[in-house]
Amino acid sequence: MPLDTSTYALALLRLDGRRWNELRRIHAQISTQAAADGSSYLEMGNTQVICTVTGPAEGRNTGAGRSGGKEGEANLEVEIGFAGFSGVDRKRRGKGDKRTAEMAHTLSTAFSSLILMHLYPHSTISIHINILSQDGSILAACINAATLALVDAGVPMTDYLVACTAASSPTTSTSAGSDDVSDPLLDLNAMEEQELPFLTLATVGGGEKITVLVMETRVRVERIEGMLAVGIEGCKRVKDILDGVVRGFGV
Amino acid sequence: MAPVQAQVLLSPAELSYLHSSLSLNPPIRPDGRSPTQFRPLVAESDILPGANGSARVCFADGTEAIVGVKAEVEKSQWRPTPQKESADVEMDDEQEEEPGVGENSWVEMSIEIPGFRDDDPLPVFLSAMLTEALLASGDLKDRLYINRRFHWKLYVDILLISPPLAYPLPLLSLTTHLALLSARLPALKSERDEDPLFDDDWEASTPIYPRSGRQKPYSAYLDKPPVTLLVMAVGQNIIFDPSKEELAVAEAVMAISCAASQSQTAEAVRLLSIRTIDPPSRLTPPGIPNLLNSATGGVAPVSSTDAMAQREAMSLLGVWTPPRGGIKRNLVGRVLKMVVEKGGVAEEVLEALEKIEVES
């Protein structure tokens, strides 16, 4: 781990100067686009995401038997697009990219449980997310932006869905030589994501109910608890920020 | 995504009304604009930290586009230069100034429109049109030259965020213009044909479209990227930046690309390309005159060919007939004059776009 060990242990400051439990700057706007039913723009540090929501509306495939949506409830479509210029190198991700599809699936299952789908039978709610700039915590940024756009569209939900990332870095305490002590970190950027095991979690309304938990790296099971605790705390703060954005817009 | 409304839902009577109000002198447009007035827009540039240049433009009708320009170093294909073999070292500096070192393949453009595939005709046609203007405007591709072995490859990625409500060409062109205006390349530190090494300091970077040191407002840019304007004609009237409803009654639609001219001659703007666009009005349903409608005492034609023949014979005011035929030559001439002349539309647009704050 050439990145963290050298400097983090000395001052307990991360590469971008944050402490372990600090979020990056979150800046968000809602109603950014007049043509969509709901739209939002979210920055988490250097990660930038734009989200538009269309619907609830009649589905695309009308006439072909099913007019969008299941029997008694609405159908949720999520589409995520990575802009070619979003990464460090210019790369186009096709529509069939598996990681993108998995992110979209995660979002659609998470929001299906939160949106009051039974109010809109035979209709479709579609969420379009464009990732403009990637610098870590992309799934979390997508979830937060989608929440804001759905609020802007006036889609009834039980509560906000807020997300952030948490990681586990090797311990810095001098006394312990054991492996089961670790220092959790909150809200990773792209460089930290490459170095450390991390998880993305989303909670309902900043509470303790976790609806999304995604982890793609390997970590000792003892460390999970610390990461979750930090993540839940982070989600609580993200919720306050997003709530502030929504309330600020209404003024 | 809601289905893309390719066609405006207007009845033949409404189309006829719109057409006749647009053919008055001066024309009355549905949104009250003058013929050369553009729709209001919100524009930002230099919005993305990870791209060399970027811009976002929102039109008042809600269409929104984001353009990111990204440059990557690429190895050039070796090209034999037989004459310069002997005096290679001395010639190097000279070669950098020589026009024509750039190649068309160094600029790549891609357009993403929601609800369309990459290989659908609309994105392909739009990107061809915008690339053509960009390459025709002269020394952009020459500025991507680093040395004989390396060059910059410029990727222009256009993202239409909203569904294409109107014909998105002007929006995409304006956004691309702004993004290129804000685009910067890192300063080169290595010399001649070495492997390129760049300055880490972003402050030292050089804009792709350089400015002269003076702070004079108009001649501040030595060169500017092109803009493509959408122009339509109804009768004798020429209308700029048509909205979706206006396009539905257009008799002719043209896309005109132009750029600021470097030489301080009579014209401030030079023309790069003209393309005619098939007007969507041809697909609108025609109105049926009373004479051919049995419900109003007329005699209905027996077959569709008969209907066509009878309609051809009568010219009725107030009954919508989709326009046919091409563009008259003197109309093209008048359009071009309006665009290119000093104080004309293109100059106005270029000046207005320059006012949008570009961080430097």
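Every chain is numbered from 1 and lettered A, B, ... according to where its sequence line falls, protein lines coming before strand lines.
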A/Asp89 with B/Lys70: basic N within carboxylate O range, under 4.0 Å:
no
Side chain, backbone, both or neither: which part of B/Leu159 has an atom under 4.5 Å from a heavy atom of chain A?
side chain
Under 4.5 Å from any heavy atom of chain B - which part of A/Val88
backbone
Between B/Asp199 (side chain only) and B/Ala187 (backbone N and O only), is there a donor and an acceptor less than 3.5 Å apart?
no
Measuring heavy-atom distances to chain B, does A/Asn130 have an atom under 4.5 Å in its side chain, in its backbone, in both, or in neither?
side chain
Heavy-atom pairs under 4.5 Å with chain A, option from B/Val69, B/Val42, B/Thr63, B/Ile66 with the top count:
B/Ile66
Heavy-atom pair count under 4.5 Å with chain A, highest-scoring of B/Ala51, B/Gly50, B/Cys58, B/Ser110
B/Ser110
Restricting to salt bridge (Lys or Arg N to Asp or Glu O under 4.0 Å), what partner residues turn up for B/Glu132, sequence neighbours left out?
B/Arg275
Any pair with a residue in residues 114-123 of chain B that passes side chain to side chain donor-acceptor pair (under 3.5 Å), sequence neighbours left out, goes on the list, sorted by first then second residue, please.
B/Arg117-B/Asp119
Cut-off 4.5 Å, heavy atoms of chain B, and the answer for A/Ile50 is side chain
All side chain to side chain contact (heavy atoms under 4.5 Å, CB included) counterparts of B/Ser76, not counting sequence neighbours:
B/Trp106, B/His151
Can a side-chain donor-acceptor contact be found between A/Asp135 and A/Thr47 if the only test is distance below 3.5 angstrom?
no
Just wondering, are more than 12 heavy atoms of other shown residues or ligands nearer than 6.0 Å to CD in B/Glu72?
yes
So, A/Glu73 side chain and A/Tyr120 main chain: donor-acceptor pair closer than 3.5 Å or not?
no
Please determine, by modelled atom types, if A/Ser133 and A/Ser86 share a side-chain donor-acceptor pair under 3.5 angstrom.
no
Who in residues 19-37 of chain A is close to chain B, using a strict under-4.5 Å heavy-atom cut-off?
A/Thr32, A/Gln33, A/Ala34, A/Ala35
